[in-house]
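Everything on this sheet refers to the single structure shown next.
Chain letters run A, B, ... following the sequence lines, proteins first and then strands; every chain starts at 1.
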2 protein chains.
Amino acid sequence: MDVCNCNICELKDMFFENVSKDEIKYLCSSKVEIPYKKGDFIIEQGSAIDDFMYLKSGLVKLYIHNDDEREQIISFAKPKDFVSILSIFSGNNYTYSVKAVQDSVTCNIKMSEIRHLAETNGKFGLSLLQRMSKVSDKIILESLEVRKRKLNGRVAYILLFFKEHIFNSNEFELPVSRKEIAEYIGMTTENVIRTLTEFRKDKIIKIYGKVIEICNLERLESISKHG
Amino acid sequence: MDVCNCNICELKDMFFENVSKDEIKYLCSSKVEIPYKKGDFIIEQGSAIDDFMYLKSGLVKLYIHNDDEREQIISFAKPKDFVSILSIFSGNNYTYSVKAVQDSVTCNIKMSEIRHLAETNGKFGLSLLQRMSKVSDKIILESLEVRKRKLNGRVAYILLFFKEHIFNSNEFELPVSRKEIAEYIGMTTENVIRTLTEFRKDKIIKIYGKVIEICNLERLESISKHG
DNA sequence: ATCAGCTTATGATAATTATCATAAAAGGTT
DNA sequence: AACCTTTTATGATAATTATCATAAGCTGAT
């Protein structure tokens with residue numbers, strides 16, 4: 001389908017079946033794609049919320065930072081994930097920042113148009129509500145999952161997270177630094193490194209610089225589950 | 001206003017200004033109020049989602065429990081808060097349980113009617129989306145707030161939470177056990193008790209059984225902020 | 001190429017937190 | 001009242017995690 005000027009219009013995918021071609025066209029009329037380089041800010045905490053954004057390619061981190069304190073990563077977003085989630089429907093300003101951890105492209109649609117469409121097309125609104133809820137739920141449940149684990153369980157968990165949700169392979173290049181892993185699962189950088197080293201010594205993983213190869217999946221899963 | 005058979009219809013409050021009298025009547029047609037005793041299950045993890053529920057009176061805890069593991073309290077809900085939040089728009093079964101920590105009354109509306117109204121009245125849907133988002137956001141941000149603190153900071157935080165969000169007073173009867181506090185802020189029961197004792201010895205609070213009196217608010221706030 | 005700055009790595013030590021054990025206090029039941 | 005169970009309380013100890021220090025490796029900029 002070629003309802004908009006981008007080659008492959010994934011908007012229909014994003015908002016389910018409840019939008020007509022005309023409505024897609026309407027959304028697309030304000031749709032822009034913005035490329036970012038690794039390390040670029042995509043959203044700055046505190047800035048005004050104008051656009052509804054989802055990720056077209058790359059990988060980004062959503063995080064909170066309060067001056068002196070350490071950053072706390074809330075979640076990673078991969079292609080087709082929403083980038084604007086928290087506060088998007090509940091406030092006027094972002095309560096978090098988003099930064100590209102890999103070169104990324106976002107798709108932006110004016111919030112005013114999303115709102116307008118949701119008001120006029122209840123089915124679209126309901127779909128949106130479902131999608132948004134799914135995202136929030138996942139973040140909440142995942143944070144509980146992480147929190148109940150000890151450090152080695154957390155590291156195992158995030159390795160499996162990358163394997164299963166991002167790369168779908170036993171071997172992958174870590175898309176984030178050890179520091180960012182630490183900020184995500186709530187531990188110190190040193191202990192992330194130490195734990196990875198420990199996994200390596202126990203022949204559970206191999207480490208080639210940024211590349212991780214999971215050698216003993218069962219063991220890693222066991223550690224993730226039972227510590 | 002007396003659009004429904006309950007004396008004070010708070011539905012308008014719950015769903016903003018975007019619902020007509022007829023629509024309120026429609027929602028009310030399936031609305032029931034259910035009383036629970038302290039300790040009663042209101043929602044059992046895994047059960048089917050039929051109703052949209054909010055709390056009319058009392059206090060409830062939302063929590064996750066997986067067989068052998070310790071319970072993890074996600075959030076407390078006070079009157080006018082939604083009780084069904086997680087998974088309500090994103091799945092068919094509850095991913096968490098809700099239990100009354102005080103005698104409570106819930107208001108239940110059939111999900112099918114909520115859905116139907118959201119589909120036919122986009123403004124209502126959008127209001128709902130805003131309300132739901134606000135709840136999720138608060139849970140996510142609060143969990144980050146708690147997690148970054150050390151134990152004494154967490155206990156200080158939850159005392160201030162009760163003071164500010166539930167009781168609005170420097171003296172209140174703790175509505176939950178030390179164990180439940182521990183399950184909420186992610187520490188052991190012993191350490192919650194120990195920390196409270198420490199606060200008492202430092203004359204920051206007084207403890208009369210279940211009753212807590214905050215004597216040194218500034219100090220407590222300081223501990224909550226900087227440990 | 002060289003330097004500065006960041007990431008990764010590892011060890012030693014201190015601080016924090018959990019676990020285990022025990023007992024008093026409180027609440028509920030017969 | 002007597003009994004049982006749960007909660008609160010406290011201490012001793014073990015386990016976990018953070019902090020501090022140091023150094024090697026990598027990366028980007030001049």
Side-chain angles (χ1 to χ4, degrees), chain A residues 37-40 61 68-73 99 101-103 146-159 173-202 205-212 223 226-227, chain B residues 37-40 61 68-73 99 101-103 146-159 173-202 205-212 223 226-227:
Chain A
K37 281 267 157 63
K38 178 178 172 172
D40 283 354
K61 64 174 174 179
D68 47 338
E69 292 163 16
R70 277 173 33 131
E71 292 178 1
Q72 288 185 284
I73 294 183
K99 195 178 263 188
V101 296
Q102 292 180 343
D103 291 355
V146 167
R147 192 203 305 205
K148 75 182 176 198
R149 288 167 163 76
K150 287 191 300 186
L151 296 198
N152 61 351
R154 293 185 195 182
V155 175
Y157 183 84
I158 201 177
L159 289 180
E173 183 177 327
L174 271 181
V176 293
S177 69
R178 316 289 200 255
K179 182 157 164 280
E180 284 167 315
I181 291 179
E183 282 161 354
Y184 181 49
I185 58 187
M187 51 193 282
T188 56
T189 310
E190 294 96 319
N191 280 331
V192 169
I193 293 169
R194 250 186 273 274
T195 307
L196 285 173
T197 304
E198 185 190 299
F199 286 172
R200 178 173 54 70
K201 283 180 180 167
D202 293 347
I205 60 171
K206 281 179 186 157
I207 305 178
Y208 318 103
K210 283 262 174 200
V211 176
I212 301 283
I223 292 173
H226 321 106
Chain B
K37 283 265 157 63
K38 177 177 171 173
D40 285 353
K61 65 173 174 180
D68 49 336
E69 293 163 17
R70 276 174 33 132
E71 293 177 0
Q72 288 185 286
I73 294 183
K99 196 178 263 187
V101 297
Q102 294 179 343
D103 292 355
V146 168
R147 192 203 306 204
K148 76 182 174 197
R149 287 168 164 75
K150 287 191 299 186
L151 296 199
N152 61 351
R154 292 184 195 182
V155 175
Y157 183 84
I158 200 176
L159 289 180
E173 182 177 325
L174 271 182
V176 294
S177 68
R178 317 288 201 255
K179 182 157 164 280
E180 284 168 314
I181 292 179
E183 283 161 353
Y184 181 49
I185 58 186
M187 52 194 280
T188 57
T189 309
E190 294 96 320
N191 279 331
V192 169
I193 293 170
R194 248 187 274 273
T195 307
L196 285 173
T197 303
E198 185 190 300
F199 286 172
R200 177 172 55 69
K201 285 180 179 166
D202 292 348
I205 60 171
K206 282 180 186 156
I207 306 177
Y208 319 102
K210 282 262 174 199
V211 175
I212 301 281
I223 292 173
H226 321 105

N or O in side chain of B:Thr197 less than 4.0 angstrom from D:dT10 OP1/OP2: yes
Please state whether the phosphate of C:dT17, meaning OP1 or OP2, lies under 4.0 angstrom from any side-chain nitrogen or oxygen of B:Asn191. no
Restricting both atoms to N or O, compile the protein contacts to nucleotides 11-14 of chain C shorter than 3.5 Å, with distance only.
| residue | atom | partner | partner atom | Å |
| --- | --- | --- | --- | --- |
| C:dG11 | N7 | A:Arg194 | NH1 | 2.8 |
| C:dG11 | O6 | A:Arg194 | NH2 | 3.2 |

Has the side chain of B:Arg154 got a donor or acceptor atom that lies under 3.5 Å from a matching backbone atom of B:Val146? yes
Expected output: side-chain B:Asn191 to main-chain B:Thr188 donor-acceptor under 3.5 Å: no
Using Watson-Crick or G-U wobble pairs with both distances under 3.5 Å, give me DNA chain D in dot-bracket, 5' to 3', with [ ] for crossers and | for pairs to another strand. ||||||||||||||||||||||||||||||
Every protein N/O lying under 3.5 Å from an N/O of nucleotides 28-30 of chain D:
none

If you take any heavy atom closer than 4.0 Å to DNA chain C, which residues from residues 146-158 of chain B end up in contact? B:Lys150, B:Leu151
Length of the line joining B:Leu196:CG and C:dA25:C1', which is rounded to integer Å: 16 Å
Given salt bridge (Lys or Arg N to Asp or Glu O under 4.0 Å), test B:Lys179 with B:Glu71 step by step and report yes or no. CA-CA 10 Å; B:Lys179 182 157 164 280; B:Glu71 293 177 0; 5.5 Å; no
Atom pairs, protein N/O to nucleotides 5-8 of chain D N/O, distance under 3.5 Å:
| residue | atom | partner | partner atom | Å |
| --- | --- | --- | --- | --- |
| D:dT8 | OP1 | B:Lys210 | NZ | 3.4 |
| D:dT8 | OP2 | B:Arg178 | N | 3.1 |

State whether B:Arg178 and B:Glu190 are salt-bridged, where the test is any N-O pair (Lys NZ or Arg NE/NH1/NH2 against Asp/Glu carboxylate O) under 4.0 Å. no
Salt bridge flag under 4.0 Å for residues B:Glu183 and B:Arg70: no
Considering residues at least two apart in sequence or located in another chain, which fulfil the ring pair (Phe, Tyr, Trp, His ring centres under 6.0 Å) criterion with B:Tyr184? B:Phe76
